[in-house]
A.B. asks: 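Next up is a structure, given as structure tokens.
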Amino acid sequence: MGLYHAIQRRWADPEALHAAHGVRRRIALGGESELSDLPPGGLCYADLELRVRGAAGMLRGLGLRGGDVVALQLPRSLALVELLLGALGIGAAVLLVNDRAAVPELRFLVEDSGARLAVVLDPAAVGGLPCRVLPVAEVRERLDQATVVDSLPEPDDEALAALMYTSGTTGRPKGAMLSHKNLLATIQALHQAWGWSVHDHLLHALPLHHIHGLVVAQLGALWAGARTTWMSRFDAAGALTLLQRERCTVFMGVPTFYHRFLSLPQDARFDLSSMRLFTCGSAPLPAADLVAFRDRFGHTILERYGMTECGIVLSNPLEGERRPGSVGFPLPGVHLRIVDPATGRRCETDEVGEIRLRGPSVTRGYLGRAEQTAEALVQGWLHTGDLARADADGYVHVVGRIKELIISGGFNVYPGEVEAVLQQAPGVAEAAVLGLPDADLGERVVAALVARPGRLVEPEAVLSFARQQLAAYKCPREVVLLQELPRNAMGKVQKNLLARDWPV
Ligand code: MLC
Ligand code: AMP
């Protein structure tokens, strides 16, 4: 089953969507498009489908075929959805790129993925790479003039649908290969578990280049035949105002979103009576925030756990207790083990071990990275690098990580990637990057630097160098200069000491 074909069949089948009059006349997408390419009242499903078939025609016209990779670096827009579904429709795979990625990040992704076509904001950024380049500025006109394709042969469900890049411990990101089947498994499991229906109305404020905003939120809503209202940049008061005004039913966020709701003045009041579901994930939601949100806004946030490599795999229940500090239970079809990472022994109740998973949503590996694939996937089990315990009722609680990962505002930051950049900054000999607790962002990125002998290091110069190389959320918020980094007997930098004594 191809992902677009499966979605399209649902739109065509009113029974499947429990809609007496069919879903096609309903509004699919509305709200703020950063390219201003949505009609004022939003776009209905029938029109969206026609446009996707136009995008398929345009992509074919540019020489794209099944199996090719298309890199899409577009801001939130109808064009992005058309190209995404059009590419899937012709059996091509998509690579979604942050529209605020730094130039070296974008170049790396386009090159590493072997993209045949790159739709990018600034064509100069990918100059010299062996792919066809289409500037975003030209996309709308091309899509509007495209010839609609009638017949789209269905890709195999094992075919590559998306390359989703996630960083590694040693610097460069690696592309998790997700098949049509992988993505469908997440979408279908959540459709059941979260009770999506054609009557739902999602307020969408997450970035569209990650599994959360793209698959869980956007494709989840399109699969359901629900309505989506877009918000281009999240702001807390604006989001609650929209939930109230648009009578939305579903909202999905990272913990920072909820922290910002709770930081609004106490006298800010919103009518959230239309809402049926607030979900949270991508980083740990403090139990206190779940409780405070319930007390103040009258809704119990449903926390769930996932990872690019496997989609969403654990979730608190829709009906029944949503336990604060817990990510709930495995979704149907997901096999979970919590094991002692050193021995592989299964942990007892309340004993902390690594989360290992297997199931239909789990990636087959990283593009062109056999070694890292073999480390992450052992006999079909995904080693997540996250630490958790299951309580006596089976609720899973994520308690930490084995992997060196900072999650800031719900975005993953790999210290190794940032250190590699900082070490090339003027005058810098060594860099250690770590995450410190932060009420708003969960964790904030900070760096300790050591200068080259006889060289002066200007923190401002280092930061502006980093800004050229890295997306803003990866750049350190604080920098300290040290004579040397604390190391253990093995020579390994003791980041725990840096964190304990910060600002060292
Ligand atoms: C924000 N920043 C970005 C960015 N969005 N930088 C590059 N690309 C983007 N898309 C930068 C801001 O410019 C700022 O840097 C810094 O991040 C911190 O942001 P802030 O100024 O404090 O706030 P804000 O810009 O409002 O961003 C906060 C946020 C954002 C919460 C809105 O972090 C966000 O959208 N987070 C969602 C992340 C997400 O969707 N993750 C899902 C991963 S999938 P500066 O220097 O300009 O101040 C996954 C699997 C799963 O994990 O389980 O879901
Ligand atoms: P990514 O690689 O961007 O998909 O991020 C996946 C990582 O986010 C996981 O390995 C976890 O560390 C983290 N994560 C996602 N959801 C949760 C959650 N609800 N609680 C704690 N950590 C989470």
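Order of listing sets the numbers, starting from 1, for every ligand and every atom in it.
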A.B. asks: Does Lys403 have a heavy atom less than 4.0 Å from any atom of ligand 2?
C.D. replies: yes

A.B. asks: Which residue supplies the protein heavy atom nearest to atom 13 (O) of ligand 1, what is that atom called, and how far is it?
C.D. replies: Arg100 NH1, 3.4 Å

A.B. asks: Would one find an N or O of His210, backbone or side chain, under 3.5 Å from an N or O of ligand 2?
C.D. replies: no

A.B. asks: Would you mind listing which atoms of ligand 1 come within a distance below 4.0 Å of any non-hydrogen atom of Gly410?
C.D. replies: 38 (C), 39 (C), 41 (N), 42 (C), 43 (C)

A.B. asks: Taking distance alone, with N or O pairs closer than 3.5 Å, would you say Glu309 contacts ligand 2?
C.D. replies: no

A.B. asks: Any carboxylate oxygen within less than 4.0 angstrom of a Lys/Arg side-chain nitrogen, looking at Glu404 and Lys492?
C.D. replies: no

A.B. asks: Please classify the Lys474 to ligand 1 contact at 4.0 Å (heavy-atom distances, strictly less than): side chain, backbone, both or neither.
C.D. replies: neither

A.B. asks: Number the atoms of ligand 2 from 1 as they appear, then name those within less than 4.0 Å of a heavy atom of Met307, with their elements.
C.D. replies: 4 (O), 6 (C), 10 (O)

A.B. asks: For Glu303, counting its heavy atoms only, list the atoms of ligand 2 lying under 4.0 Å from any of them.
C.D. replies: 18 (C), 19 (N), 20 (N)

A.B. asks: Between Gly410, Ser326, Gly306, flag the one that comes closest to atom 15 (C) of ligand 2 by a heavy atom.
C.D. replies: Gly306

A.B. asks: Only heavy atoms of Arg233, strictly under 4.0 Å: list the atoms of ligand 1 that pass.
C.D. replies: 25 (O)

A.B. asks: Quick one: list whatever passes side-chain hydrogen bond (donor to acceptor under 3.5 Å, both in side chains) with Asp295, sequence neighbours left out.
C.D. replies: none

A.B. asks: Under 4.0 Å between a Lys/Arg side-chain N and an Asp/Glu carboxylate O for Asp393 and Arg323?
C.D. replies: yes

A.B. asks: Specify whether Phe278 and Phe293 have parallel, tilted or perpendicular ring planes, treating 30° as the upper limit for parallel and 60° as the lower limit for perpendicular.
C.D. replies: perpendicular

A.B. asks: Relative to ligand 2, is Ala283 under 4.0 angstrom through side chain, backbone, both or neither, heavy atoms considered?
C.D. replies: backbone

A.B. asks: Would you call the rings of Tyr395 and Phe329 parallel, tilted or perpendicular, where under 30° means parallel and over 60° means perpendicular?
C.D. replies: tilted

A.B. asks: Who's the nearest protein heavy-atom neighbour of atom 46 (O) of ligand 1, and how far?
C.D. replies: Arg467 NH2, 2.4 Å

A.B. asks: Quick test: of every protein heavy atom, which one is nearest to atom 15 (O) of ligand 1, and how far off is it to 0.1 Å?
C.D. replies: Arg477 NH2, 3.1 Å

A.B. asks: Is there a heavy atom of Arg304 sitting under 4.0 angstrom from any atom of ligand 2?
C.D. replies: yes

A.B. asks: Can you figure out which of Val413, Thr166, Val254, Asn412 has its heavy atom closest to atom 2 (O) of ligand 2?
C.D. replies: Asn412

A.B. asks: Report yes or no: does Asn316 contribute a side-chain atom to a donor-acceptor pair with the main-chain N or O of Ser326 at less than 3.5 Å?
C.D. replies: yes

A.B. asks: According to the interplanar angle, ranging from 0 to 90°, do the rings of Tyr165 and Phe108 count as parallel (below 30°), tilted (30 to 60°) or perpendicular (above 60°)?
C.D. replies: perpendicular

A.B. asks: Less than 4.0 angstrom from a charged side-chain N to a carboxylate O is my criterion; do Glu354 and Lys403 meet it?
C.D. replies: no

A.B. asks: Given that the side chain starts at C-beta and the backbone is N, CA, C, O, which of these parts of Arg260 lies under 4.0 Å from ligand 1, counting heavy atoms, or is it both or neither?
C.D. replies: side chain

A.B. asks: Look at atom 21 (O) of ligand 1 and say whether a protein heavy atom is found at less than 4.0 angstrom from it.
C.D. replies: no

A.B. asks: Consider every N or O of Asp386 and every N or O of ligand 2, then say whether any pair is closer than 3.5 Å.
C.D. replies: yes

A.B. asks: Does this structure show an ion pair linking Arg444 with Glu478, if we count only N-O contacts that are shorter than 4.0 Å?
C.D. replies: yes

A.B. asks: Can you tell me which residue and heavy atom of the protein come closest to atom 21 (C) of ligand 2, and the distance to 0.1 Å?
C.D. replies: Pro284 N, 3.4 Å

A.B. asks: Between Phe261 and Phe270, does the ring centre distance come in under 6.0 Å?
C.D. replies: no

A.B. asks: Measure the distances from the heavy atoms of Pro207 to every atom of ligand 1 and state whether one is below 4.0 angstrom.
C.D. replies: yes

A.B. asks: With a 4.0 Å heavy-atom cut-off (strictly under), which part of Ser282 contacts ligand 2: side chain, backbone, both or neither?
C.D. replies: backbone

A.B. asks: Is there a heavy atom in Ile211 that sits closer than 4.0 Å to ligand 2?
C.D. replies: no

A.B. asks: Closer than 4.0 Å to some heavy atom of Ile407 - which atoms of ligand 2 meet that?
C.D. replies: 8 (O), 12 (O), 13 (C)

